[in-house]
Amino acid sequence: MKESITAVLLGAGQRGADSYGPYALEYPQELRFVAVAEPDPIRRTRFAEAHGIPSERQFTTWEEVASRPQLADALFNCTKDQMHYASTMGALDTGYDVLLEKPMTNRLTPTVQLVQHAEKLGRLLQVCHVLHYTTFFSTLHDILESGKLGDIITVEHRENVETYHMAHSFVRGNWRNAAESSPMILSKCCHDLDILTWNFGHGPERLQSFGSLLHFRRDMAPTGATQRCTDDCPVSEQCPFDARRLYLDMDRTGWPVTMITSDLSYQGRLQALESGPYGRCVFHCDNTVVDHQTVNLEFPGGATAVLFMQGHSHEESRTLRYDGTRATLRGKFTYRGGVIEIHDHVTGAMEVIPCDATMSGHSGGDFGMVSAFLETIRGNAAPLTRARVALESHMMAFAAEESRKKGKVVDMAVFRRRAEEVALSEQQAGN
């Protein structure tokens, strides 16, 4: 019987504790968490109790973990975006193989430096691009690899962010401000750019992007809108973003309600809305990230793709279309599963392929990714989402921001080369 791999968790929030932590509880013969670092005492204690972690291995900061000799085989880094660089560098230097939540970091040069440093040390650094491990996207990839569609001519890939998710995460929440977290095309869509790269087999030659913050601005606030939804706002009944409607529904017990407070009673929720960030009017926040963006991509050989990201959808989903020389593929992916249609150009026949979801998050991707990480540590698999591969999607996201802000077409070969050189030179200067 194989021995379980031991791990340290940095960040016992929604991703670390609720998405990846349950894998160890369900498959203790494969994974055991033996230490945790989390600044919130309630989250830290809750995770420690669930996993039987003794008090001497419960830490407040990642620095406390990095200052000690290696405590486990691996480390799951689920800290905030702006903490990823320093905490991952510390983990790699200590000797851990690292599973790092996406995005790797929120800035270009540190992202490249992480990859270079992991390669220099010979450590495994794998990125949480969980869509690779879903039934839907693995089926899509296999269809494309089979040649059933012929040569791919053009692709449309849409990331449809439901309105409540946009308001929660990118207007009121942790990813609302690009200076404090990450550009939205990176934090939300490095998944999608990674899938496009995987399916084409390489990154694009050229890239161009457009986008802006159109709706969630002070000048768009309805007349009379109050600073908080709990201030008897006169337009609340007509507002799709009323925080009371979203967070005070006592039938809601999971995400995103669990993000606003540890006290899920009605009074606990109400107090969080009255004093915390999630009760603010969406038109009176300090958000700066875009609410819509497109990325136009040209791949070697001339095939093109366009990624649409927008935060005004009626439904959380990814929808896509691949047009090939022999068939057209259309697909829809949600966290409840998905479906793929293949329309044959010769016969006109349509083949429908259902892609069922499994019990874990991201339609089975969360558990699939953790399993793949463990198998890679054991030497039984090559990581689909190793940092060097995942770096391309991050390069594309940073290039998209440069294009959007400067209004130019980006030559990706030049962009990649410059990024690698700057990262290496700064690293050498620092040493």
Side-chain angles (χ1 to χ4, degrees), residues 2-11 15-16 20 23-24 30-37 57 59 61-130 132-133 190 194 368-395 416 419-420 422-431:
K2 61 187 177 183
E3 186 175 346
S4 63
I5 288 171
T6 57
V8 176
L9 176 66
L10 303 186
R15 298 303 296 155
Y20 309 139
Y23 188 96
E30 295 186 21
L31 174 65
R32 287 189 302 116
F33 283 100
V34 298
V36 59
R57 290 200 168 195
F59 308 103
T61 67
W62 68 263
E63 288 92 342
E64 294 175 77
V65 174
S67 68
R68 286 164 170 75
Q70 190 171 347
L71 300 172
D73 302 313
L75 182 142
F76 286 54
N77 191 343
C78 300
T79 56
K80 293 181 178 180
D81 297 359
Q82 59 270 33
M83 299 169 66
H84 283 182
Y85 175 77
S87 56
T88 303
M89 284 296 223
L92 292 170
D93 286 337
T94 302
Y96 293 103
D97 288 325
V98 177
L99 182 65
L100 177 60
E101 186 55 73
K102 59 87 183 172
M104 286 190 275
T105 82
N106 58 350
R107 299 293 180 266
L108 175 59
T109 297
T111 300
V112 180
Q113 288 174 338
L114 271 189
V115 178
Q116 293 173 341
H117 195 59
E119 291 174 341
K120 177 182 176 181
L121 296 177
R123 304 266 190 269
L124 171 62
L125 178 59
Q126 187 168 328
V127 180
C128 295
H129 278 162
V130 298
H132 270 274
Y133 305 98
C190 63
D194 180 65
M369 182 207 58
V370 173
S371 177
F373 177 61
L374 301 178
E375 287 303 295
T376 303
I377 292 176
R378 294 189 177 99
N380 297 331
L384 284 174
T385 57
R386 67 186 185 275
R388 174 55 67 180
V389 173
L391 178 60
E392 178 62 25
S393 66
H394 288 59
M395 290 269 200
R416 294 185 194 102
E420 294 277 357
V422 169
L424 185 60
S425 64
E426 289 191 9
Q427 190 89 314
Q428 291 171 340
N431 293 335

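No hydrogens, no waters, no symmetry mates; every other heavy atom, side chains included, goes into these values.
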Is there a side-chain contact (heavy atoms from CB on, under 4.5 Å) between K102 and D194? Walk through the geometry before answering. CA-CA 11 Å; K102 59 87 183 172; D194 180 65; over 6 Å; no

If we ignore hydrogens and angles and just use 3.5 Å, is the side chain of [X] paired with the main-chain N or O of [Y] as donor and acceptor?
X: H129; Y: A390; answer: no
X: D97; Y: L124; answer: yes
X: T94; Y: Y96; answer: no
X: T385; Y: V127; answer: yes
X: R388; Y: E119; answer: no
X: E392; Y: V389; answer: no

Kindly assign one of parallel, tilted or perpendicular to the pair F373 and F76, based on the angle between their ring planes and the thresholds 30° and 60°. perpendicular

Testing the basics here: between [X] and [Y], what is the closest heavy-atom pair and its distance to 0.1 Å?
X: H394; Y: P103; result: NE2-CA, 3.4 Å
X: V34; Y: A72; result: CG2-CB, 3.7 Å
X: R378; Y: E375; result: NH1-OE2, 3.0 Å
X: C78; Y: G11; result: CB-O, 3.7 Å
X: L31; Y: A24; result: O-CB, 3.4 Å
X: R123; Y: D93; result: NH2-O, 4.3 Å

With rounding to the nearest 0.5 Å, note down the distance linking [atom1] in [X] to [atom2] in [Y].
X: Q126; Y: L100; atom1: CD; atom2: CG; result: 10.5 Å
X: W62; Y: L75; atom1: CH2; atom2: CG; result: 11.0 Å
X: N77; Y: S87; atom1: CG; atom2: OG; result: 3.5 Å
X: K80; Y: N106; atom1: NZ; atom2: CG; result: 12.5 Å
X: L99; Y: T88; atom1: CG; atom2: OG1; result: 10.0 Å
X: S393; Y: M104; atom1: OG; atom2: CE; result: 6.5 Å

Do [X] and [Y] touch side chain to side chain, with heavy atoms closer than 4.5 Å?
X: S371; Y: Y133; value: no
X: L374; Y: Y23; value: yes
X: M369; Y: H132; value: no
X: V130; Y: R15; value: yes

Would you sort out whether E101 and H84 count as a side-chain contact (heavy atoms from CB on, under 4.5 Å), showing the intermediate values? CA-CA 8 Å; E101 186 55 73; H84 283 182; 4.2 Å; yes

Residues R107, Y85; criterion side-chain contact (heavy atoms from CB on, under 4.5 Å); working and verdict: CA-CA 9 Å; R107 299 293 180 266; Y85 175 77; over 6 Å; no

Output, in order, the C-alpha distance, side-chain angles, deciding distance and verdict of side-chain contact (heavy atoms from CB on, under 4.5 Å) for V112 and M395. CA-CA 9 Å; V112 180; M395 290 269 200; 4.0 Å; yes

